[in-house]
Number of protein chains: 2
Amino acid sequence: MKQITKYIIKNSLKRIFLYRACLVRLRLMGVEKVFSYTLANETGVTSEQVRKDFSEFGIKGNKRGGYDINDLLEKMEKIFHRNKDHNLVLIGMGNLGLALSKYSKFVQRNMNIVATFDIDPFKQKQRSDIPVYSMDRLKEIVDRFRVKVAILAVPEISAQEVADKLIRHGIKGIVNFAPVLLKVPQDVIISNVNLCDELESVIYYVHKQIKVDGLKNLELLYKDMKY
Amino acid sequence: MKQITKYIIKNSLKRIFLYRACLVRLRLMGVEKVFSYTLANETGVTSEQVRKDFSEFGIKGNKRGGYDINDLLEKMEKIFHRNKDHNLVLIGMGNLGLALSKYSKFVQRNMNIVATFDIDPFKQKQRSDIPVYSMDRLKEIVDRFRVKVAILAVPEISAQEVADKLIRHGIKGIVNFAPVLLKVPQDVIISNVNLCDELESVIYYVHKQIKVDGLKNLELLYKDMKY
DNA sequence: TATATTTTGTGATTTGTTTCACATCAATTT
DNA sequence: AAATTGATGTGAAACAAATCACAAAATATA
Ligand SMILES: NC(=O)c1ccc[n+]([C@@H]2O[C@H](COP(=O)([O-])OP(=O)(O)OC[C@H]3O[C@@H](n4cnc5c(N)ncnc54)[C@H](O)[C@@H]3O)[C@@H](O)[C@H]2O)c1
Ligand SMILES: NC(=O)c1ccc[n+]([C@@H]2O[C@H](COP(=O)([O-])OP(=O)(O)OC[C@H]3O[C@@H](n4cnc5c(N)ncnc54)[C@H](O)[C@@H]3O)[C@@H](O)[C@H]2O)c1
């Protein structure tokens, strides 16, 4: 049965990503060990929160000794399946799609856009290093590269239709840039990125002059946001 | 004092945006009245949640009669300061910046990118309808157009430096696309958009075959996500 | 006008998340 | 070897968010 799947990254997972980025930086600087309060300082949370988050993901340090950075990163890579490569497809090679197809950080993080797709034959001329195919080659590519996750950058009006097609061909997760709530089967993960909403809420909060910061900020805080 | 400002849109605010999009669609279809359970159905939440959210933002309906769509949208416009225009600047006219500068939905929602900026003189040739200036004209433009919110699409390495400059010139809110935690004064709102993290978490959840859906989905749910 | 019906609005309750407080362990010092 | 120190890990407590349950209000019906 198809239904609206609202999917929001859990805050603890968001924080884990922050810790990881921080650990990568520290390792680059030659640091080998880290304490929960170091990570806490760098990421604007409390040290208990760091330890609780780690414990949620089954990560253990050594008492008194803190955490070994290499060890920690290795465990995280396993948790996030970063030891394997992940093949992605990108649908819609318009303004946004083109930018995304050129974004090098995806590759650095083992996520490869193996092909992009567009209905517009004009766009199907190679626009970046990655080939641009017409939609009728979707199944072939998805099967060949065992693609499970897609990036959807088509206009609002086509988003549902394209999502349906993706799912028919075996896609299980979609990062959706179109400002619509997609109706999908229960086992499909949808992450909606809505830049207008993002901007509007910044404007909203700027107008209220309210914010959340690392050093837990006052009564206004919990009235209006969560972290 | 500068510090890490972690800012996450409150879920109730996210839902309000969903309701609004839905109301706009309904109005377009000629519908005039709406009940909490209609909105709930369309957005994948419960009707109590809709009413609680409305009450948080001080929105009242009429018992038995539901809500008047025009009235509701008007109230929301006021809450989100959508009756006025909001001028924005966009810094970094690379791949992503160019795409964003061409995004028409911002204007449709009363958010105007009045100018874009880049240090690269090559990019300073007009790349879209909006002018591309060098950074030394930032202050002039921000002052002239009373800009309070900026979109930051520069490389990771320059993000903090550019953010500092923006804030010196009076910017109070930033939507940041660079994958770094910016250190800013307490009264500045930062919203981080991290596409890699977004993709990685979809991959993570796809691997776990876990999802949240509108019809509250069992034990697996609360173990891993929140909505 | 009285009664039934429908939908809102909100206290009370449940569920989830963060912070607190401290036992536990490992390393260092005496 | 014992005492001290400094960090982790985790139940308990505090806090926040979502759901439940129902009174109150508005409308429809008899
Ligand atoms: N441009 C931005 O910065 C931006 C920002 C946020 C969100 N978005 C959203 O991302 C989506 C794409 O935006 P854009 O600015 O790149 O639009 P665009 O019009 O430039 O590109 C859309 C592309 O999708 C293709 N397309 C249309 N229907 C298709 C179909 N059925 N199958 C395959 N391809 C199809 C078109 O040919 C076009 O190339 C939109 O939903 C938009 O709202 C864009
Ligand atoms: N391209 C994408 O799809 C994408 C996706 C997610 C996140 N991002 C992030 O967004 C940012 C921009 O990405 P991009 O792909 O557009 O990069 P890019 O290199 O194409 O563009 C960056 C632009 O910023 C300009 N710039 C550099 N330093 C500057 C400074 N000090 N002041 C003003 N302008 C400066 C450069 O001249 C360039 O035009 C990066 O932080 C990237 O990680 C990009």
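The basis for the numbers below is simple: all heavy atoms, side chains too, and nothing from hydrogens, waters or symmetry mates.
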When the distance from [atom1] of [X] to [atom2] of [N] is rounded to whole Å, what number comes out?
X       : N      : atom1 : atom2 : answer
A:Leu72 : D:dG9  : CG    : C1'   : 15 Å
A:Arg15 : C:dT18 : CZ    : P     : 5 Å
A:Lys14 : C:dT18 : NZ    : P     : 12 Å
A:Glu56 : D:dG11 : CD    : C1'   : 16 Å
A:Phe54 : C:dT17 : CZ    : P     : 18 Å

**Item:** Phosphate OP1/OP2 of C:dG9: any B:Ser55 side-chain N/O under 4.0 Å
**Value:** no
**Message:** For a quick test of reading the model: is some side-chain N or O of B:Tyr67 closer than 4.0 Å to OP1 or OP2 of C:dG9?
**Reply:**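 For C:dG9, OP1 or OP2 has a side-chain N or O of B:Tyr67 closer than 4.0 Å.
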Classify the side chain of [X] versus the base of [N] as yes if they form a donor-acceptor pair under 3.5 Å and no if they do not.
X       : N      : answer
B:Arg64 : C:dT7  : no
A:Lys60 : D:dT8  : no
A:Lys10 : C:dG16 : no
A:Lys52 : C:dT19 : yes

**Message:** Any donor-acceptor pair under 3.5 Å linking the side-chain atoms of B:Asn87 with those of B:Arg146?
**Reply:** no
**Item:** Sugar-phosphate, base or nothing in reach of B:Gly61, heavy atoms under 4.0 Å
**Value:** sugar-phosphate
**Message:** Checking A:Glu74 against A:Asn70 for the side-chain hydrogen bond (donor to acceptor under 3.5 Å, both in side chains) test, could you report, in this order, the C-alpha distance in whole Å, the side-chain angles of both residues, the deciding distance, and whether it holds?
**Reply:** CA-CA 6 Å; A:Glu74 214 167 277; A:Asn70 277 316; over 6 Å; no
